[in-house]
Amino acid sequence: MSPASTGASTTVDAVMSVPSADSATDSRMAPGGPGYRRMSFALFLAGVATFALLYSTQALLPLISGEFGVAASEASWTVAAATGGLALFVLPMSALSERFGRRTVMTASLAVAVTVGMLVPFAPSIGALVVLRAVQGAALAGLPASATAYLAEEVRPKALVTAIGLFVAGNSVGGMSGRVITGWVAQEWGWRVSVGVIGAVAVACAVAFRALLPAPRHFRAGSLRPRVLLGTVRDHLSDPLLRRLYAIGALFMTVFGGVYTVIGYRLTEAPFGLPQGIVGSIFLVYLVGTVSASTAGRLVGRLGRRGALYLAGGTTAAGLLLSVADSLPLVLLGLVLITAGFFAGHAVASSAVGKTAVHGRAQAAALYQSAYYVGSSAGSTAGAMAFHSGGWTGTVGVGLLAVLGVVTITVLGSRAARVAARREPVAAH
C-alpha cells in the first residue's frame with residue numbers, strides 16, 4: 001500500500017530503502033565513521049543556541065518583574081510564551097522539513113530566531129517582550145523535531161540513543177550557559193544587555209552549525225498535502241506507546257519548567273538573599289544534565305527503557321523533596337538530582353519516539369516536542385502560580401504530581417507490554 005493511501009509520509013520510503021543496521025553496506029553515520037563528529041558537534045551547537053535563546057529570560061525574571069512592575073506569574077509569560085510558540089508551531093514546521101529537508105528548515109529556523117533575539121533587548125513593555133518571545137519560540141520550532149528526524153535517518157540505529165543524547169546535552173549546555181551568562185551580565189549592565197549577549201552567542205552557534213552539518217544522504221521529500229499530514233498525525237496518536245512517550249515528555253518538562261522558572265525568585269529572597277550573578281551561576285548544575293543525557297544510551301542498555309524511566313523519575317522526585325529545605329547545600333543537591341533525572345528521562349523518551357515511529361518520523365518527533373513544550377509552558381505558569389500562593393513548597397507539589405504521572409504511565413506501559421507478550425505465543429499457534 002502506498003504512503004498516500006495509508007496517510008503516511010513518504011519518509012517511510014526513505015526508511016525502508018536504507019540498509020539494515022547489521023549490514024556491512026549501511027551508509028549511515030556511526031561513531032568513528034566519516035562525518036559523525038562534524039554532525040554531532042553541529043547539532044550540539046544547534047542545541048546550545050536553541051536552549052540559550054528559548055530560556056534567555058528565565059534567570060532574569062526578578063529583574064524583569066522589577067523593571068516593569070509585574071508579579072512573578074506575569075513575568076513568567078516571557079518564558080511560557082516562547083515555549084508555547086514552539087509547541088504550537090513544531091508540527092507545521094516538521095511538515096515543512098518533510099518537504100524541504102531537515103537541514104534547510106533547521107537553518108531557516110535558527111536564522112529567524114537569532115534575528116528576533118537581537119530585537120528582544122529593545123522591548124518597550126512586558127507585552128511587547130512577551131510577543132517577541134512568542135515569535136522567537138515559533139521560529140525555533142523548526143529545529144527540535146527536524147534534528148531528531150535527521151538523526152533517525154542519518155545515524156545507524158545502534159548509535160541513535162547516543163546521538164540524540166549528545167543533542168540533548170547541547171540543550172543542557174545552552175540552557176546552562178545562557179542562564180549563567182545572563183546572570184552575571186545582568187548584575188553589571190541589566191537584563192537587556194544580557195539577552196543581547198545571548199543573541200550574539202546564538203548567532204555564532206547558528207553560523208557554525210550550518211557550516212559543519214553534513215548534507216543529508218537518506219532524506220526523501222514527502223508531501224505537504226494536509227490529508228497526508230493529518231493521516232500521519234492520526235497514525236502516531238493512535239499508537240499507545242507513542243502516546244505514553246508524549247505524556248512522559250510533557251510531565252518531565254512540567255517539573256523542569258516550574259522549578260527553573262521559580263528558583264531565581266526563591267534564591268533572591270529570604271533566607272538566601274543571593275545576588276543575581278550568583279543565582280545565574282546556580283544553573284551550572286546543567287552540566288549534570290549534559291552527563292546524564294549523553295549516557296542515556298548506556299542506561300537503557302542496562303535497565304531497559306522502562307527501568308531507565310523509573311530511575312529518572314525517582315531521581316527527580318528525590319531532588320524535589322531535598323529542595324524544600326532552607327539549606328543552600330541541600331537546595332543545590334536537589335537541583336542536581338532534578339536536573340540529572342529530567343535530562344536522562346527526556347533523552348530516553350525522545351530517542352524511543354524515533355525508534356517507535358516507522359514512518360513520518362518528523363511528525364512523530366514534532367508531536368513529542370509539542371507535548372514537551374506544552375509541559376514547559378504549563379510548568380512555568382503553574383509553578384509560578386503555586387509559588388505565589390504557597391511558596392516553594394507549592395512549586396514542589398506541582399513537580400511531585402508530575403513525577404507521579406510519569407511513574408503511573410510507565411507502570412501502565414509495563415503492564416501493556418506483559419499482556420502483549422502473553423498474547424504473542426497464542427497468536428503464533
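Side-chain atoms are counted along with the backbone in the values below, which use heavy atoms only and exclude waters and symmetry mates.
Taking Glu67 as the reference, Arg192 meet the salt bridge (Lys or Arg N to Asp or Glu O under 4.0 Å) condition, with sequence neighbours excluded. With sequence neighbours excluded, no residue forms a side-chain hydrogen bond (donor to acceptor under 3.5 Å, both in side chains) with Arg298. Residues meeting the side-chain hydrogen bond (donor to acceptor under 3.5 Å, both in side chains) test with Arg306, sequence neighbours left out: Ser414. Residues satisfying the side-chain hydrogen bond (donor to acceptor under 3.5 Å, both in side chains) criterion with Thr315, sequence neighbours excluded, are absent altogether. Among residues two or more places apart in sequence or in another chain, the side-chain hydrogen bond (donor to acceptor under 3.5 Å, both in side chains) test is passed with Ser377 by Thr83.
Nearest heavy-atom pair, Ser194 versus Leu60, reported as atom, atom and distance to 0.1 Å: OG-CD1, 3.2 Å. Contact between Leu251 and Gly405 at its shortest, heavy atoms only, is CD1-C, 3.5 Å. Closest heavy-atom contact between Ser238 and Pro240: O-CD, 3.3 Å. The two residues Phe209 and Ala46 have their closest heavy-atom pair at CD1-CB, 3.7 Å. Pairing each heavy atom of Val348 with each of Ala308, the nearest pair is CG2-CB, 4.0 Å.
Between Trp191 atom CH2 and Ser65 atom OG the span is 11.0 Å, to the nearest 0.5 Å.
Residue pairs meeting the salt bridge (charged side-chain N to carboxylate O under 4.0 Å, His left out) criterion with at least one member in residues 377-401, sequence neighbours excluded, do not occur. Listed by first then second residue, pairs satisfying salt bridge (charged side-chain N to carboxylate O under 4.0 Å, His left out) with a partner in residues 277-294 number zero, not counting sequence neighbours. Among residue pairs with one or both ends in residues 105-125, those qualifying as side-chain hydrogen bond (donor to acceptor under 3.5 Å, both in side chains) are Thr107-Arg210; sequence neighbours excluded. Pairs engaging residues 229-256 under the ring pair (Phe, Tyr, Trp, His ring centres under 6.0 Å) rule: His236-His359, Phe256-Tyr260, Phe256-Tyr286, Phe256-Phe342, Phe256-Phe343 [sequence neighbours left out]. Applying the salt bridge (charged side-chain N to carboxylate O under 4.0 Å, His left out) test to every pair with at least one member in residues 318-333, sequence neighbours left out, gives these pairs: Arg266-Asp326. Every pair tested for salt bridge (charged side-chain N to carboxylate O under 4.0 Å, His left out) that includes a residue from residues 52-64 fails, sequence neighbours excluded, so the list is empty.
Residues Tyr372 and Ser350 bring no donor and acceptor atom of their side chains to less than 3.5 Å of each other. A donor atom on one side chain and an acceptor atom on the other are found under 3.5 Å apart for Trp184 and Ser281. For the residue pair Thr57/Thr78, the side-chain donor-acceptor check at 3.5 Å is satisfied.
Leu151 is listed as a side-chain neighbour of Met39, based on a closest heavy-atom distance under 4.5 Å. Side-chain contact check for Leu303 versus Tyr310: every heavy-atom pair is 4.5 Å or farther apart. Here the side chains of Val259 and Leu320 are in contact, with some heavy-atom distance below 4.5 Å. Looking at heavy atoms from C-beta onward, Thr268 lies out of side-chain contact with Phe272 at the 4.5 angstrom threshold.
Between Arg102 and Glu153 there is a salt bridge, since a side-chain N of the basic residue sits under 4.0 Å from a carboxylate O of the acidic one.
Annotation: Phe41, atom CZ; neighbour count of heavy atoms from other residues, nucleotides and ligands within 6.0 Å does not exceed 12.
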Under 3.5 Å, side-chain donor or acceptor atoms of residues 386-404 against the rest of the protein: list the pairs with distances, not counting sequence neighbours.
residue : atom : partner : partner atom : Å
Ser389  : OG   : Met385  : O            : 3.2
Ser389  : OG   : Ala386  : O            : 3.3
Trp392  : NE1  : Ser323  : O            : 3.2
Trp392  : NE1  : Ser323  : OG           : 3.0
Thr395  : OG1  : Gly383  : O            : 3.0

